[in-house]
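Written out below as structure tokens is the structure these notes cover.
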Amino acid sequence: MPVVKRNPIPVSDAVKKIMEHTSLWGTEEVPLTEADDRILADDLSATHDVPPFNRSPYDGFAILSKDTAEASETHPAKLHVLETIGAGQVAVNQVKSGAAIRIMTGAQIPNGADAVIMLELVKEMDEHGESYIEIKRNVKSNDNISFQGEDTKKGTLLAETGNRITPGLIAVLATFGYHTVNVFKKPIVGILSTGTELLDIKEPLQPGKIRNSNAYMVAAQVRAMGAKVNMYQHREDDFESLYENVKECLKESDLLITTGGVSVGDYDFLPAIYEKLGAHVLFNKVAMRPGSVTTVAVHEGKWLFGLSGNPSACFVGCELFVRPVVQSGMKVRKPHCKAVKAVLGADFPKANPFTRFVRAVLTEGVEGNVVTPAGLDKSGSVSSLLAANAFIVLPGGTRGWEKESEVGVLTWNGEGSEWPWDSPLFFKSQATRTAEKQQS
Ligand code: AMP
Ligand code: MG
């Protein structure tokens, strides 16, 4: 097959092209008990006040504050205790002048009472089988009352479409009786690894063969993004059978990720498979390292991601291009890797015409962030992925990078960022930045 010349496009253009094609995944109702980490598909509001009634925040006595107006060390106010109510109980008596009701945390304030005095601040007494308390201080009206609606007023917006369901949100939803919740469906991501050299992870090593690590890595990545995985048996580099495999897998997937075989080598059949499928290729070369051959196509409403077989290239391609498709389809407001600034902790002498994504360790500190390359920076290296919690983004330029340079960094754990990453750090070469600095 002749080698077809491909035109590299900038990373930012590649992401832009992808964002033009995203669509929603649909919604489903799930029990609150199964809603962890799902993405809300509705705006939800408070259906009543919280607390729903005035209640006591302490164990104490519900009283009429004016009964303590004259109270002092020497002239304590003496009140008759009518009854005791625990949380969940409602008083049968009214609190009238001269009376008190013993009340526990969370119980509804009895009618007539306008304050609560804490248990520790009264002296309890028993006289002829009747209970009394003595109060030696002045209690003000409304003291120690949690008022209806002081936490949340009925109608308050609790959470919005696109919010991830956290334990905190689950607490709030349970408070308002949302026992089921409308969430976005998880898109189904098919994962098909290609390469005649691949072994299943259960197989012993054989000459010339390696285990398929990419499929497992990508599966973990897309699950963390909120997708559901269909993992397929890896396949050999054979055009005809691979074409059939891709066609079949695509039927069952919203997105089909293939790994390997997307380059221009003798056994790289994915480009020809896209062509035979009649898929609309958004791009097949990106000005980045690793992963310049990453190819993304759409076909009959489905997505095809042709990721490079190099583990690091595969990882980067997945985070850069698959993440926003998965998450935009669930209206996640920050569907891209999180962009932060950091200072380089070591020289990075390698020059590069393309934007480079360097596996790195990011340390966030009060003095600022420091980022250091994580070991071997070869695209085939798996071990450097182990330590890495970030990518340093070094925009293309002819020179290497010096320690202490300010650089853009992408992370993939936790909340993401909006697009575009609003810092020139991600797009301007060091040469351009230096020139601009000298001019100003
Ligand atoms: P390819 O993209 O097919 O040219 O593969 C590039 C490199 O990645 C080769 O060294 C492959 O052996 C390696 N590779 C391909 N697929 C996988 C995989 N699923 N797991 C680990 N390494 C792979
Ligand atoms: Mg290959």
Side-chain angles (χ1 to χ4, degrees), residues 31-36 44-159 163 165-181:
L32 191 58
T33 46
E34 289 162 28
D36 311 41
L44 297 181
S45 304
T47 50
H48 56 72
D49 288 337
V50 174
F53 46 84
N54 291 352
R55 68 184 178 191
S56 176
Y58 297 115
D59 298 328
F61 290 87
I63 61 170
L64 262 173
S65 59
K66 66 175 167 52
D67 282 351
T68 67
E70 310 287 310
S72 68
E73 277 294 327
T74 46
H75 291 95
K78 187 173 175 187
L79 303 175
H80 181 203
V81 180
L82 305 177
E83 61 177 308
T84 297
I85 52 168
Q89 297 175 334
V90 179
V92 287
N93 293 287
Q94 266 214 331
V95 175
K96 297 200 178 100
S97 186
I101 288 178
R102 203 165 196 271
I103 188 168
M104 299 299 120
T105 305
Q108 183 169 331
I109 302 292
N111 288 336
D114 71 339
V116 169
I117 182 164
M118 288 156 79
L119 217 54
E120 304 87 298
L121 300 179
V122 306
K123 186 175 165 203
E124 296 186 71
M125 297 170 307
D126 202 73
E127 285 177 16
H128 318 295
E130 291 291 319
S131 297
Y132 292 86
I133 51 171
E134 270 187 3
I135 301 174
K136 294 179 172 174
R137 64 178 68 209
N138 194 242
V139 178
K140 287 189 212 66
S141 184
N142 295 342
D143 269 6
N144 298 328
I145 292 180
S146 292
F147 287 96
Q148 177 173 343
E150 76 173 17
D151 179 337
T152 311
K153 286 254 177 310
K154 180 176 177 175
T156 307
L157 184 65
L158 300 169
N163 286 170
I165 300 178
T166 59
L169 180 52
I170 286 182
V172 171
L173 296 181
T175 301
F176 294 100
Y178 287 103
H179 53 94
T180 65
V181 52

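To the nearest 0.5 angstrom, Asp114 atom CG is 7.5 Å from Ile63 atom CD1. Note that the CG atom of Leu32 and the CD1 atom of Ile170 stand 5.5 Å from one another [nearest 0.5 Å]. The structure places NE2 of His48 at 11.5 Å from OG1 of Thr156, a figure rounded to the nearest 0.5 Å. Here the straight-line distance linking atom NZ of Lys78 with atom OH of Tyr132 works out to 6.0 Å at 0.5 Å rounding. Here the straight-line distance linking atom CG of Asn138 with atom NZ of Lys66 works out to 13.0 Å at 0.5 Å rounding. Summarising the geometry, atom CD belonging to Gln89 is positioned 11.5 Å from atom CD1 belonging to Ile101; distances are rounded to the nearest 0.5 Å.
Between Lys140 and Ser65 the shortest side-chain heavy-atom distance does not fall below 4.5 Å. Contact check for Arg137 versus Glu73: no side-chain heavy atoms found under the 4.5 Å cut-off. The shortest side-chain heavy-atom distance between Tyr178 and Leu158 falls under the 4.5 Å cut-off. Counting heavy atoms from C-beta on, the side chains of Ile133 and Lys123 never come closer than 4.5 Å. Side-chain contact between Pro110 and Ile85 is present, with heavy atoms from C-beta onward closer than 4.5 Å. Looking at Leu173 and Leu44, their side chains come closer than 4.5 Å, going by heavy atoms from C-beta outward. Counting only heavy atoms from C-beta outward, the side chains of Tyr58 and Ile117 never approach each other to under 4.5 Å.
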Item checked: Criterion side chain to side chain contact (heavy atoms under 4.5 Å, CB included) on Leu79 and Ile135, from CA distance to verdict -> CA-CA 8 Å; Leu79 303 175; Ile135 301 174; 3.7 Å; yes
Check: Would Phe61 and Val81 count as a side chain to side chain contact (heavy atoms under 4.5 Å, CB included) if you check the C-alpha gap in whole Å, the side-chain angles of each, and the deciding distance to 0.1 Å?
Finding: CA-CA 8 Å; Phe61 290 87; Val81 180; 3.9 Å; yes
Notebook entry, point to check: Going through the checks in order, is the side chain to side chain contact (heavy atoms under 4.5 Å, CB included) test met by Ser146 and Arg55?
Noted result: CA-CA 5 Å; Ser146 292; Arg55 68 184 178 191; 3.9 Å; yes
Note to self: Applying side chain to side chain contact (heavy atoms under 4.5 Å, CB included) to Phe53 and Ile109, what does each step give before you reach the verdict?
What the structure shows: CA-CA 8 Å; Phe53 46 84; Ile109 302 292; over 6 Å; no
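Put simply, the side chain of Asp49 gets close to the backbone of Lys154: a donor and an acceptor are under 3.5 Å apart. A donor-acceptor pair under 3.5 Å is formed between the side chain of Thr68 and the backbone N or O of Val139. Side-chain atoms of Asp151 never come within 3.5 Å of backbone atoms of Pro51 as a donor-acceptor pair (strictly under, hydrogens ignored). The backbone N or O of Asp59 lies less than 3.5 Å from a partner atom in the side chain of Thr105, making a donor-acceptor pair. Side-chain atoms of Thr166 come within 3.5 Å of backbone N or O of Leu169 as a donor-acceptor pair. Counting only distance, with no hydrogens or angles, the side chain of Glu130 and the backbone of Glu127 share no donor-acceptor pair below 3.5 Å. Put simply, the side chain of Thr175 gets close to the backbone of Ala171: a donor and an acceptor are under 3.5 Å apart. Checked by atom type and distance alone, the side chain of Asp67 pairs as donor or acceptor with a backbone atom of Gly98 at under 3.5 Å.
Judged purely by distance below 3.5 Å, without hydrogens or angles, the side chains of Asn54 and Gln148 never pair a donor atom with an acceptor atom. Between the side chains of Glu83 and Asn93, a donor-acceptor pair is found at a separation under 3.5 Å. Glu70 and His75 are not linked by any side-chain donor-acceptor pair at a separation below 3.5 angstrom, with hydrogens and angles left out of the test.
The only member of Asp143, Ile103, Asn142 that meets side chain to side chain contact (heavy atoms under 4.5 Å, CB included) when paired with Val116 is Ile103.
For the pair Arg102 and Glu124, the salt-bridge criterion is met [side-chain N within less than 4.0 Å of a carboxylate O].
Residues Gly86 and Ala107 approach most closely at O-CB, 3.5 Å, considering heavy atoms. Between Leu64 and Gly112, the shortest heavy-atom distance links the atoms CD2-O, 3.3 Å. In terms of heavy-atom proximity, Ser45 sits nearest to Gly155 at CB-O, 3.8 Å. Across all non-hydrogen atoms, the minimal contact from Asp126 to Ser131 is OD1-OG, 4.0 Å.
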